[in-house]
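To keep things clear, I will list the structure first and then write my remarks on it.
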2 protein chains.
Amino acid sequence: MGYFLSANYLRNLYQKESMIRISIYEDNTRLSQLLSLMIENTEGFELMACHENCLEALQNTRTERPDVIVMDIDMPQRSGIDGVIEIKSHFPHIKIIMHTVFDGNEHLFDCLSKGADGYILKKDSSTRLIQAIKEANEGGAPMSPFIANKVLQSFRKPLIQEDFNLTEREIEVLNLLAKGFSYRMISIELNISVETVRRHIKNTYQKLHVQCGPEAVAKAIRGGIIQS
Amino acid sequence: MGYFLSANYLRNLYQKESMIRISIYEDNTRLSQLLSLMIENTEGFELMACHENCLEALQNTRTERPDVIVMDIDMPQRSGIDGVIEIKSHFPHIKIIMHTVFDGNEHLFDCLSKGADGYILKKDSSTRLIQAIKEANEGGAPMSPFIANKVLQSFRKPLIQEDFNLTEREIEVLNLLAKGFSYRMISIELNISVETVRRHIKNTYQKLHVQCGPEAVAKAIRGGIIQS
DNA sequence: TAGCAAATGACCCAAAAGGGTTATTGACAG
DNA sequence: CTGTCAATAACCCTTTTGGGTCATTTGCTA
């Protein structure tokens, strides 16, 4: 090599640095072989390893230093969700794409809350997964359309959201109640008499159709009347 | 025409039926002209109308019968969010894609909770919008990568979620409390003495660092100990 | 086997909560 | 200008809560 670095060497070096390092967790050997092949034959992708379970996810990740992990959920001994928890708690910057057959709410929101960066269904084309890896690596959040829709739907509040018609003051009182204030403390906080506080609370209970504080607070939080 | 329908006529008819009907709400004339052009020149797209505000969104929608609506947020007199509320409450099947410069949380989650089906930033390429229209029409949920990421992030619970170490029984009691059960009712429900119920609740308060029912329930719901 | 955590139960007692009834004032709509 | 509604306030009385202290049983673990 010496002093003379060929253009080729430099290009390879550059390519190496811009390669997306990928690890796979998938217990179905057929599928993992297919994925491996696809990744190895995609320009800019570098397959670090293929694992059949998450038992040593942390060790693997430490040595492989992947940019993106493709993670199945249903694997023997240790589910992919546990893998996500473990990896994300130590390497939050590594992108994890769930790649699974599960299209139900349970697993989906469980994974997302644990920090998954994407969620691609296995029934999607493999091309979609390749594209998803790129997206995740660029900071996006690749999701199958069906999944994206579920996620959006989870934000939609039922349009027929009961309108309890609480007044501003009543909501104010309810908030303090949820903070652990007693009637007396509320009255001091709001500069009104304890009797008035009681009045507001009584009205609130009627409107919410509840009969005690804990129930009122639960209903108010769940109904979005007071922020969670 | 008579009895003889030309092949051409039939093909046109078929094409018309498979066309995606699109309406635009955008107060920036320059941009709306650009979008109109792009849509008119995209195969399978049919531009129904371009509006500068949402004042008559409902009327417009009734006559135009669009499949997909591209909706700006910041428009004079009536915001796109009001438009979404109105249109979605009458035509929930019509897909609405927000097309805006706002990338903050406020507008985003507001729109999503009101029923928007997609959220594309104006800084994205117009091509992306065209693609998004197709996706929305096919039941997907097109989002700019940055937006998709925000949405996913909103699911991530802080990993350092305090562990209050409540026992199963304590959680059970807490749940009943949130349902409006008194200590006596809980004791009957669980077939234990009122004193034991009190005991569990006292322990719970200590663990949660609260001093009354409403506060405990609020903290439990917000902390995910009991479901919202 | 000793020890710990969870679940159970009891007693005392003061403070807080909840239900009912009634009333005044100010603001806003018809 | 009259009625409705929100906010304010008071009184009565019973039940519920919540804090403190103490004690027993069971099952799992070090």
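Note: hydrogens, waters and symmetry copies are ignored here, and every other heavy atom, side chains too, is used. Protein chains get the first letters and strands the later ones, always in sequence-line order, with residue 1 at the start of each. Because the structure is a prediction, the values reported are computed rather than measured.
- In this structure, B/Lys123 forms a cation-pi arrangement with B/Phe146, its terminal cationic atom sitting closer than 6.0 Å to the ring centre and no more than 45° off the ring axis.
- Distance CD (B/Glu168) to P (C/dA5): 18 Å, rounded to an integer number of Å.
- Every side chain to side chain contact (heavy atoms under 4.5 Å, CB included) that A/Arg169 has, sequence neighbours left out, goes to A/Thr167, A/Glu172, A/Leu190, A/Ile192, A/His200.
- Qualifying salt bridge (Lys or Arg N to Asp or Glu O under 4.0 Å) partners for A/Asp110, counting only residues two or more places apart in sequence or in other chains: A/Lys114.
- Checked by atom type, the side-chain pair A/Asn105/A/Lys150 shows a donor-acceptor distance below 3.5 Å.
- As rounded to whole Å, 11 Å separates atom C1' of D/dG20 from atom CD of B/Gln206.
- Under the 4.0 Å criterion applied to side-chain N and carboxylate O atoms, B/Glu135 and B/Arg128 are assigned as salt-bridge partners.
- A salt bridge links B/Arg156 with A/Asp117: the distance from a Lys NZ or Arg NE/NH1/NH2 to an Asp or Glu carboxylate oxygen falls below 4.0 Å.
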Every protein N/O lying under 3.5 Å from an N/O of nucleotides 27-30 of chain D:
none

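- For B/Glu170 and C/dA7, the CD to C1' distance is 9 Å, given to the nearest whole Å.
- Side chains of B/Thr196 and B/Ser193: a donor on one and an acceptor on the other come within 3.5 Å.
- For A/Lys122, the NZ atom is densely surrounded, since the number of other residues' heavy atoms within 6.0 Å is greater than 12.
- For the contact set between residues 207-219 of chain B and DNA chain D, defined by any heavy atom under 4.0 Å, the members are B/Gln211, B/Cys212, B/Gly213.
- Partner A/Tyr119 forms a side-chain contact (heavy atoms from CB on, under 4.5 Å) with one of A/Thr100, A/Ile97, A/Val151 and no other, that one being A/Thr100.
- Listed by first then second residue, pairs satisfying salt bridge (Lys or Arg N to Asp or Glu O under 4.0 Å) with a partner in residues 51-67 of chain A number zero, not counting sequence neighbours.
- Within a heavy-atom distance below 4.0 Å of DNA chain D, the residues of residues 176-205 of chain B found are B/Ser182, B/Tyr183, B/Arg184, B/Arg198, B/Arg199, B/Lys202, B/Tyr205.
- Between the C1' atom of C/dA6 and the CZ atom of B/Arg169 lies a distance of 11 Å, rounded to the nearest Å.
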